Amino acid sequence: MAEYSKDEIRKIEEKWRKRWIDSKVYKTELDASKPKYYVLDMFPYPSGAGLHVGHPLGYIASDIVARYKRIKGFNVLHPMGFDAFGLPAEQYAIEHGIHPAISTQENILNFKRQLGNIGFCYDWDREVQTCDPSYYKWTQWIFLQIFDSWFNRKKEKAERISELIKIFQVEGNSNHSFPNSKFKLDTGKDDFTATEWKSFNEKAQREILMQYRLAYLAYTDVNWCEALGTVLANDEVINGVSYRGGFPVVKRQMRQWSLRITEYAERLLKGLDEIDFSDSMKEIQRNWIGKSVGAKVIFNLKSDKSLVPSMTVFTTRPETIFGVDFMVVAPEHEMVKDITSAGQQGEIDRYLKYVESRSEIERMAEVKKITGAFTGAYAINPFNNKQIPVWISEYVLAGYGTGAIMGVPCGDERDHKFAKHFSLPITNIIGKHYDGTEANSTYDAILENSEFLNGLLMKDGINVVVRKLEELGIGTRQVNYKMRDAGWSRQRYWGEPFPVVFRDDVPYAMEEKDLPLRLPESNNFKSSGSGEGPLANLKDWINVGPDQRRDSNTMPTHAGAAWYFLRYMDPHNDKEFAGKRSLDYWNQVDVYIGGSEHAVAHLLYARLWTKVLADLGYLNFDEPFKKLINQGKITGDSRFVYRYSFSQTDFANEILPQIFVSKNIRDRVLKGDSNASRKITEVIWKALDTTSKEIGEAVGVTSGHPQSLDPNAPSLETGLHIDISLYDESKGLDLEAFKKWKPDFANAEFVLEDDGRYLCGSAIEKMSKSYFNVVNPDEIIDSYGADTLRMYEMFLGPLEQSKPWNTNGIDGVYKFLRRFWNLSHEGPGNFKVSDAEPTREELKVLHKTLKKVEGDIDNFSFNTSVSEFMICANELTSMKCNKRSIIEPLVIALSPFAPHMTEELWEKLGHKDSVLNAQFPKYNEEYLKESAFNYPISINGKVRAEMKFALDMPKEDIEKMVLASEIVMKWTEGKAPKKVIVVLGRIVNVVL
RNA sequence: GCCCGGGUGGUGGAAUUGGUAGACACGCAGGACUUAAAAUCCUGUGACCCUUAAAGGUUGUACGGGUUCAAGUCCCGUCUCGGGUACCA
């Protein structure tokens with residue numbers, strides 16, 4: 001028996017890791033007699049870099065919750081798996097020639113080893129990997145269910161396509177118009193009768209059904225990235241460049257699979273009200289869905305061409321209709337050619353050409369630039385017959401609303417700038433709220449110059465106008481969403497193949513018995529460049545038979561992640577994606593922990609798939625995650641050195657010495673300190689050998705001439721990242737280790753601080769291999785053990801907060817564990833507990849801790865629970881308490897945080913079973929009660945004295961006692977105070 | 001620009017949601033043990049003032065106002081950091 005030392009920790013942790021696996025203590029079974037609790041981590045993408053200390057933050061939290069819920073009597077499901085399809089593995093394959101299947105498996109093994117070291121209680125029997133055919137069989141199967149569904153807007157839920165066909169056969173589509181309002185049949189119409197339906201051939205019928213399917217194939221504007229040779233989803237494009245790599249992205253039409261998520265916009269929005277996500281997360285999703293309520297208004301047109309009789313705009317402010325001074329149509333809008341007058345044709349053509357010449361990136365960069373052209377056509381305001389000029393401009397987007405707007409310059413900032421720029425008249429309908437220089441989008445103004453709306457408050461005006469528009473048949477209420485359908489095809493190899501076969505260009509679902517459609521073996525991952533994926537290279541696979549072929553695309557990584565939480569419930573089922581009994585029992589995920597970067601993509605798709613499966617009757621819940629917690633990112637603390645670079649580049653650099661300048665010297669040089677510059681020149685001069693001293697003079701470095709240095713040399717400005725393990729703030733950079741690490745700099749010279757240290761610059765950046773600032777959890781475990789790592793990561797601060805990693809306080813946590821261990825050990829480490837009766841003081845410490853810790857874990861406030869354990873250990877240490885009746889419950893309570901050490905103690909306390917099978921001790925309020933409390937007495941807000949009151953003394957009696965007390969008398973000089981304030985359990989304030 | 005969320009000692013962070021601000025930990029200083037160092041333990045530690053000492057006082061939660069017996073917490077304005085979004089009518 002040794003003390004709680006490094007060696008002992010290693011022994012203990014190895015022992016329990018092995019024992020947990022051997023005894024299958026984490027195996028979870030469906031047990032209907034117990035309440036369930038489902039704790040889920042966002043499963044990781046197994047990247048080649050392995051884990052750094054940032055990754056486990058959320059996993060540690062979920063592990064604590066899982067262990068805690070288990071000892072609270074719940075049957076806990078706490079699984080882990082891997083999001084194993086994806087682009088990085090494929091790119092790695094292209095660069096290194098290693099098949100994604102192989103590199104992915106290697107990475108997964110490494111991840112599992114690292115996760116195992118931290119002591120997580122995952123039930124690995126339930127592991128899933130999205131790239132496993134027995135898993136993606138069901139991803140494909142669910143995709144086919146979505147393909148076989150349509151959204152019945154009347155019932156606001158998904159139904160089978162067969163239901164839709166029945167409807168068409170009876171009543172045509174008059175009650176269920178095309179979800180895509182722009183779609184027209186060959187006849188030019190957008191509706192058909194039952195008779196017409198029956199007359200269509202199969203291909204035509206399938207084409208129509210495709211317009212309704214929730215997973216559909218269509219020519220869509222997609223984000224094409226030439227460099228990656230693939231299409232990207234909207235959320236993978238940031239500021240016109242690709243999310244990975246930052247390559248330019250252009251719009252391009254391709255025949256793609258999409259998920260009709262827009263049909264679920266309203267339900268996805270409403271669902272947010274019943275789930276426990278953080279406000280910011282809900283806000284992000286709401287913004288993404290982007291609901292706006294308004295009206296569609298039809299304006300008649302007057303033009304020398306009368307090809308189009310009217311135009312329709314979407315507005316959220318119909319009450320401003322008398323403030324409309326111009327109309328703006330998107331340049332891409334098809335009506336532009338039909339309304340442009342002969343006189344304006346030249347100008348319009350010029351403008352269209354300009355728009356076409358502008359790249360996506362330019363457009364985004366120059367959002368503020370005001371451009372446009374007048375079409376020569378006029379719209380007629382239906383209420384006052386005013387003629388309104390119709391313009392086209394880039395600032396109106398073809399893809400949103402109707403692609404046309406009514407310009408109300410006094411109320412809308414963009415419209416105002418447009419009017420000012422083109423000197424269009426501005427009608428003021430909001431009186432003093434508009435000052436002539438800036439638009440005011442208030443809802444609180446009383447309308448003026450607005451005929452029948454005059455005198456009405458704007459918010460009230462909305463309903464009045466809409467009613468009138470509807471009466472006249474020239475407008476309706478309308479809701480628009482920013483969210484677009486989700487592109488679901490990727491031109492990649494390493495993903496799920498689409499389980500369909502094309503016959504005569506029409507996709508047919510594969511039969512369930514033929515699933516999974518396996519990803520074929522291939523070593524050719526290069527895209528064909530034509531927009532088809534690498535699978536197109538495999539002719540034998542693509543061509544199934546005469547005029548029958550497969551889809552060359554694969555699904556995005558989101559597909560496998562959209563339902564994995566369901567598979568964990570019944571991972572080995574080969575008849576269903578999960579059995580009904582398991583789905584009903586495990587039900588929703590009670591807590592889901594992961595990063596906020598998945599706010600819009602993964603979480604929305606997972607919610608969508610759940611809703612579709614629920615609509616189709618497979619699930620009895622339609623929100624997958626009851627509660628979501630976003631753990632903060634742990635950032636790295638990077639260090640770098642500053643290299644002096646010579647401004648004359650004509651000279652061969654290898655002749656010139658490598659000079660590194662310490663941070664403060666550099667700062668001083670930048671401030672123009674000539675002593676600091678001289679320090680540098682001296683080092684350079686010393687470094688130059690006799691032959692190159694001529695060169696030194698030639699480049700302007702002569703001993704004692706600091707003015708020849710260029711303080712703005714770029715490397716003095718930015719700096720070179722170094723491996724953070726080479727640096728210690730108090731000792732400075734380890735120069736020998738640095739030279740060893742970068743042999744290129746073996747002969748480098750260093751300009752040191754006055755005290756002889758080399759100090760590095762620092763910056764908080766994300767942890768990344770390329771910044772050399774990665775801290776590997778294995779290193780921490782090696783020197784402190786997994787329990788310390790776990791507790792320290794929790795102690796660092798609130799779970800949801802981002803924070804830079806540093807190990808400054810880790811000793812404190814380590815000391816706590818040792819102190820706790822020592823409570824039950826005597827001298828050099830002999831285990832010894834006493835069976836004596838605990839004192840009331842000791843019981844108070846125990847129950848106070850239990851109560852606080854329980855409350856903290858329930859609130860996911862792990863940092864404060866760690867503090868609470870520390871206080872408890874301090875108090876018990878100073879009481880020299882080693883009583884079993886105190887220590888044993890604390891061992892259980894601590895076990896979620898420090899599982900290895902507590903298992904060991906649990907065993908030493910004489911228990912045969914794992915501490916995981918113990919019960920979390922109940923605290924007893926009785927021990928927390930005091931017979932009397934000392935209340936501080938404030939007089940006029942200042943604490944003047946303390947008084948003792950019995951616990952249950954009524955408020956009035958306390959008041960009487962306070963008033964009668966000498967201290968108050970002294971202050972009031974005999975007069976009765978104005979007021980005595982008694983707050984239960986806290987403060988008494990006396991106001992004189 | 002708009003929408004969220006923050007700003008508390010030298011540092012990470014507490015504060016029962018309006019009730020003694022700074023818990024807990026790091027760091028630092030002093031002390032004990034030691035030939036010495038490390039480790040460990042004890043004491044102190046927001047700033048300022050006063051005092052031989054005990055004690056006491058002033059000030060203090062980004063800044064400026066306000067409400068209240070009482071404000072880190074609520075209200076108004078300003079500055080600032082982080083996240084989301086980007087012409088969505």
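Order of the sequence lines fixes the chain letters, A, B, ..., with proteins taken first and strands second; residue numbering starts at 1 for each chain. Any value given below was found using the heavy atoms of this structure, including those in side chains, with hydrogens, waters and symmetry copies removed. Source: prediction; values computed, not measured.
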Can a side chain N or O of [X] be found less than 4.0 Å away from OP1 or OP2 on [N]?
{"X": "A:Arg818", "N": "B:rA39", "value": "no"}
{"X": "A:Ser802", "N": "B:rG83", "value": "no"}
{"X": "A:Asn874", "N": "B:rA25", "value": "yes"}

> Are any non-hydrogen side-chain atoms of A:Glu793 and A:Asn863 less than 4.5 angstrom apart?
Replying inline: no

>> What I'd like to find out is whether the side chain of A:Ile275 reaches to under 4.5 Å of the side chain of A:Lys627, using heavy atoms alone.
In response: no

Closer than 4.0 angstrom, basic N to acidic O: yes or no for [X] and [Y]?
{"X": "A:Lys459", "Y": "A:Glu319", "result": "no"}
{"X": "A:Lys848", "Y": "A:Glu925", "result": "no"}
{"X": "A:Arg286", "Y": "A:Asp273", "result": "yes"}

Closest approach to the side chain of [X], judged atom by atom: which nucleotide of [options] is it?
{"X": "A:Thr316", "options": "B:rA89, B:rG12, B:rA23", "result": "B:rA89"}
{"X": "A:Arg819", "options": "B:rC24, B:rC87, B:rC41", "result": "B:rC41"}
{"X": "A:Pro798", "options": "B:rU40, B:rG13, B:rC87", "result": "B:rG13"}
{"X": "A:Thr864", "options": "B:rU40, B:rA15, B:rA25", "result": "B:rA15"}
{"X": "A:Lys815", "options": "B:rA89, B:rA23, B:rU40", "result": "B:rU40"}
{"X": "A:Val396", "options": "B:rC87, B:rA14, B:rA89", "result": "B:rA89"}
{"X": "A:Glu413", "options": "B:rA14, B:rA89, B:rG1", "result": "B:rG1"}
{"X": "A:Glu283", "options": "B:rA14, B:rG84, B:rC4", "result": "B:rC4"}
{"X": "A:Tyr400", "options": "B:rG1, B:rC26, B:rA89", "result": "B:rA89"}

Parallel under 30°, tilted from 30 to 60°, perpendicular over 60°: which one fits the rings of [X] and [Y]?
{"X": "A:Phe816", "Y": "A:Phe820", "result": "tilted"}
{"X": "A:Trp821", "Y": "A:His825", "result": "parallel"}
{"X": "A:Phe422", "Y": "A:Trp391", "result": "tilted"}

> Between A:Gly401 and A:Ser596, who's closer to the 5' end of RNA chain B by nearest nucleotide?
Replying inline: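 Residue closer to the 5' terminus by nearest nucleotide: A:Ser596.
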
>> Please compare A:Ser280 and A:Glu868 by the position of their nearest nucleotide in RNA chain B and report the one closer to 5'.
In response: A:Ser280

How many whole angstroms separate atom [atom1] of [X] from atom [atom2] of [N]?
{"X": "A:Tyr814", "N": "B:rA39", "atom1": "OH", "atom2": "C1'", "result": "10 Å"}
{"X": "A:Leu799", "N": "B:rG12", "atom1": "CG", "atom2": "C1'", "result": "16 Å"}
{"X": "A:Asn863", "N": "B:rA15", "atom1": "CG", "atom2": "C1'", "result": "12 Å"}
{"X": "A:Asp811", "N": "B:rA38", "atom1": "CG", "atom2": "C1'", "result": "13 Å"}
{"X": "A:Asn806", "N": "B:rG27", "atom1": "CG", "atom2": "C1'", "result": "12 Å"}
{"X": "A:Lys803", "N": "B:rC26", "atom1": "NZ", "atom2": "P", "result": "18 Å"}
{"X": "A:Gln801", "N": "B:rG6", "atom1": "CD", "atom2": "C1'", "result": "9 Å"}
{"X": "A:Asn287", "N": "B:rG1", "atom1": "CG", "atom2": "P", "result": "17 Å"}

In whole Å, measure the gap between the [atom1] atoms of [N] and [M] for me.
{"N": "B:rU61", "M": "B:rU73", "atom1": "P", "answer": "9 Å"}
{"N": "B:rA47", "M": "B:rU11", "atom1": "P", "answer": "12 Å"}
{"N": "B:rG27", "M": "B:rA39", "atom1": "P", "answer": "9 Å"}
{"N": "B:rU45", "M": "B:rA25", "atom1": "P", "answer": "14 Å"}
{"N": "B:rG6", "M": "B:rA62", "atom1": "C1'", "answer": "11 Å"}
{"N": "B:rC49", "M": "B:rG10", "atom1": "P", "answer": "15 Å"}
{"N": "B:rU52", "M": "B:rG46", "atom1": "P", "answer": "22 Å"}
{"N": "B:rA21", "M": "B:rG60", "atom1": "C1'", "answer": "9 Å"}

With sugar-phosphate meaning primed atoms plus P, OP1 and OP2, does [X] contact a base, only sugar-phosphate, or nothing at under 4.0 Å between heavy atoms?
{"X": "A:Tyr481", "result": "nothing"}
{"X": "A:Asn480", "result": "nothing"}
{"X": "A:Leu397", "result": "base"}

>> Can you confirm whether the side chains of A:Ser867 and A:Thr864 place a donor and an acceptor under 3.5 Å from each other?
In response: no

> What's the base orientation of B:rG12: syn (chi within 90° of 0) or anti?
Replying inline: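 Here the answer is anti: the torsion falls beyond 90° from 0.
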
> So, is B:rU17 syn or anti if syn means the angle is within 90° of 0?
Replying inline: syn

> Dot-bracket for RNA chain B: what is it, with Watson-Crick or G-U pairs under 3.5 Å, [ ] where a pair crosses earlier ones, and | for a pair to another strand?
Replying inline: (((((((..(((......[....)))((((((.......))))))((((......))))..(((((..]....))))))))))))....

> Is the cationic atom of A:Arg607 (NZ for Lys, CZ for Arg) positioned less than 6.0 Å from the six-membered ring centroid of A:Tyr264 and within 45 degrees of its normal?
Replying inline: no

